[in-house]
There are 2 protein chains.
Amino acid sequence: MLDETECEQARVGRDPAYDGRFFTGVRTTRIYCRPVCPVRPARGANVRFYPTAAAAESAGFRPCLRCRPETAPFCPAWNGSRTTTERALRLIDDGALDSDDASVEALATRLGIGARQLSRLFAKHVGASPTQVARTCRVQRAKRLIDATDLPMVEIATQAGFGSLRRFNTVFAEVYRRPPTAIRRQRPAEDPLTRRRDRAS
Amino acid sequence: MLDETECEQARVGRDPAYDGRFFTGVRTTRIYCRPVCPVRPARGANVRFYPTAAAAESAGFRPCLRCRPETAPFCPAWNGSRTTTERALRLIDDGALDSDDASVEALATRLGIGARQLSRLFAKHVGASPTQVARTCRVQRAKRLIDATDLPMVEIATQAGFGSLRRFNTVFAEVYRRPPTAIRRQRPAEDPLTRRRDRAS
DNA sequence: CGGAGGACGGAGTCCGAATCCGGCGAGCAC
DNA sequence: GTGCTCGCCGGATTCGGACTCCGTCCTCCG
């Protein structure tokens, strides 16, 4: 088991490394929490430590409503807003912001939150805005198509999710510091016949 | 009609005296508000004034979701949280905090909000906590009974909503600076027969 | 026009301190 | 004696602070 002082240190520091490894019961409120609970830590004298949520529960504590210590690890509620963020990332990668009528607003609605809140989650967990992430995804897709195929740039831009060739060129250049065709030229040579045929089609 | 500069002054000051007398439309967002809207006021250059909600609406603005300018005055939503506070005051006056198992928590639930929020509303609109209001109501009821009847003090305390004679004495003395019987003694004499009969019953 | 992000208010949660509360007696007045 | 008042005390509630989440509106910018 964990040391008493070690737990105390992890508790006041809200150390994520200890999340799930012990639980704290507060005598005055009869509530038990995870080490990472966002609420101001209770005074040390009122705290007791338990190895599992069940132990705290059977000692007469109820679970905190903020950190949800009663939910099993890996349950969506365990990660809090992280889970929502990851769902959003997956949806963006699947093109949720690429289609013409798509919007951050619509994406947020699909996730059951407001657009402003989605922006905040991205700023906190990802460090970039939803549209920035979408842009990066599009560039990655385009890069893969450039490397793997000989499709013309117009086709690549469309397939990658760009609404216009103009945007594709600009954004691509911002990321790679050179135009799309420069990347293709660097590629190791393949069968010249195949390449020429694909380009023509 | 109202002066343009007068409206502007009322708007930035959120003057309640002008509530309902004009409405402000914001050009950039196509939203119209009441003068008392809690949102940070829009920059003056983007604002236009309208005498009625209908005028703003027909000019292409939609109603703000915070101050609800489209609802008629006297509609509960018009007053916002004031309405909730007044409902709470009425319930307290009707004894919602007097019965033995009653609590601020339960009262707040009846109103559809949390206990903390109810406290905040009272601090803002009433200037006293829910239990303080309840106590004052009880004292008032007791005072009326002392003046109007010859019931024994135990009975008055119970009818007024006090849970114990002990509390009744303490609280009454805090308000009136003297014990309950002192008030009754000051009362102008009535028919002695009536008084004696009531006391015996 | 649409997205990003600042400002702000409303509301929920927990905490610690303050208070409220009711029972038990002991005086006290009538 | 009988009913009223009040000091004391331990436990239950309440209060207000600190914090967070979230939605709405606003301005700026591309």
Side-chain angles (χ1 to χ4, degrees), chain A residues 26-33 37-43 45-47 62 64-68 80-81 97 101-108 112-124 128-132 134-135 167 170, chain B residues 26-33 37-43 45-47 62 64-68 80-81 84 97 100 102-108 112-124 128-132 134-135 152-157 162-174 178-182 184-185 199:
Chain A
V26 178
R27 185 180 56 77
T28 47
T29 54
R30 311 305 298 170
I31 293 173
Y32 71 97
C33 291
C37 184
V39 175
R40 177 168 56 131
R43 134 186 320 193
N46 296 331
V47 172
R62 75 157 173 82
C64 170
L65 294 176
R66 298 293 289 278
C67 58
R68 295 310 189 121
S81 57
L97 288 184
D101 56 348
S103 70
V104 174
E105 175 79 30
L107 174 59
I113 60 178
R116 185 73 189 87
Q117 182 61 8
L118 184 61
S119 284
R120 266 191 285 254
L121 291 182
F122 267 62
K124 179 177 174 185
S129 68
T131 51
Q132 279 176 335
R135 237 170 29 146
R167 283 301 294 165
T170 303
Chain B
V26 177
R27 183 180 55 78
T28 49
T29 55
R30 312 302 300 168
I31 294 172
Y32 72 97
C33 290
C37 185
V39 176
R40 179 172 51 134
R43 131 186 321 194
N46 296 330
V47 173
R62 75 157 175 84
C64 170
L65 294 176
R66 297 292 292 276
C67 59
R68 295 313 193 104
S81 62
T84 304
L97 289 183
D100 202 13
S103 71
V104 174
E105 174 80 33
L107 174 60
I113 60 177
R116 183 75 190 84
Q117 184 61 8
L118 185 62
S119 282
R120 267 190 282 252
L121 291 182
F122 267 63
K124 179 178 173 185
S129 69
T131 53
Q132 279 176 333
R135 246 176 14 156
M153 289 302 164
V154 208
E155 189 61 25
I156 287 180
F162 288 94
S164 72
L165 188 57
R166 183 71 195 78
R167 285 304 299 164
F168 168 58
N169 283 321
T170 302
V171 174
F172 194 94
E174 278 171 13
R178 64 202 60 140
T181 47
R184 176 164 278 170
R185 276 197 296 273
R199 183 178 290 156

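First the proteins, then the strands, lettered A, B, ... as listed; each starts at 1.
Under the side chain to side chain donor-acceptor pair (under 3.5 Å) criterion, B/Thr29 pairs with no residue, sequence neighbours left out. Looking at residues two or more places apart in sequence or on another chain, you find no side chain to side chain donor-acceptor pair (under 3.5 Å) involving A/Arg62. Partners of A/Arg43 according to the side chain to side chain donor-acceptor pair (under 3.5 Å) rule, which considers only residues two or more places apart in sequence or in another chain, do not exist here. Taking A/Arg68 as the reference, A/Glu70 meet the salt bridge (Lys or Arg N to Asp or Glu O under 4.0 Å) condition, with sequence neighbours excluded. Not a single salt bridge (Lys or Arg N to Asp or Glu O under 4.0 Å) links B/Arg66 to another residue, sequence neighbours left out. By the side chain to side chain contact (heavy atoms under 4.5 Å, CB included) test, B/Arg178 is found to be paired with B/Ala182, B/Ile183, B/Gln186, residues two or more places apart in sequence or in another chain being considered. Residues satisfying the salt bridge (Lys or Arg N to Asp or Glu O under 4.0 Å) criterion with A/Arg116, sequence neighbours excluded, are absent altogether. For B/Ser81, the side chain to side chain donor-acceptor pair (under 3.5 Å) criterion is met by B/His125, not counting sequence neighbours.
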key: Base-contact (B) and sugar-phosphate-only (S) positions in nucleotides 6-13 of chain D, heavy-atom cut-off under 4.0 Å, - elsewhere   = BBB-----

key: Sugar-phosphate or base contact per nucleotide [nucleotides 21-29 of chain D; S, B, -; heavy atom under 4.0 Å]   = SBBBBSBS-

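Between B/Thr131 and D/dT14 there is no side-chain N or O to OP1 or OP2 distance below 4.0 Å.
Comparing B/Glu174 and A/Gln132 by the nucleotide of DNA chain C whose heavy atom lies nearest to each, the residue mapping closer to the 5' end is A/Gln132.
Computed from C1' positions of five pairs at each end, the angle between the two local axes of the helix from C/dC1-D/dG30 to C/dC30-D/dG1 equals 40°, rounded to 10 degrees.
Nearest heavy atom pair, residue A/Leu97 against residue A/Pro130, reads CD1-O, 3.8 Å.
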request  = Could you walk me through whether B/Phe168 and B/Ile156 pass the side-chain contact (heavy atoms from CB on, under 4.5 Å) test, one step at a time?
outcome  = CA-CA 9 Å; B/Phe168 168 58; B/Ile156 287 180; 4.2 Å; yes

request  = Would you check, one step at a time, whether the test side-chain contact (heavy atoms from CB on, under 4.5 Å) holds for B/Arg166 with B/Thr170?
outcome  = CA-CA 6 Å; B/Arg166 183 71 195 78; B/Thr170 302; 2.5 Å; yes

request  = Apply the test side-chain contact (heavy atoms from CB on, under 4.5 Å) to residues B/Phe162 and B/Val171: give CA-CA distance (whole Å), side-chain angles for both, the deciding distance (0.1 Å), then the verdict.
outcome  = CA-CA 10 Å; B/Phe162 288 94; B/Val171 174; 4.0 Å; yes

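A donor-acceptor contact closer than 3.5 angstrom links the side chains of A/Arg120 and A/Gln117.
Here the range on DNA chain C touched by chain B, meaning any atom under 4.0 Å from one of its heavy atoms, is C/dG6 to C/dC24.
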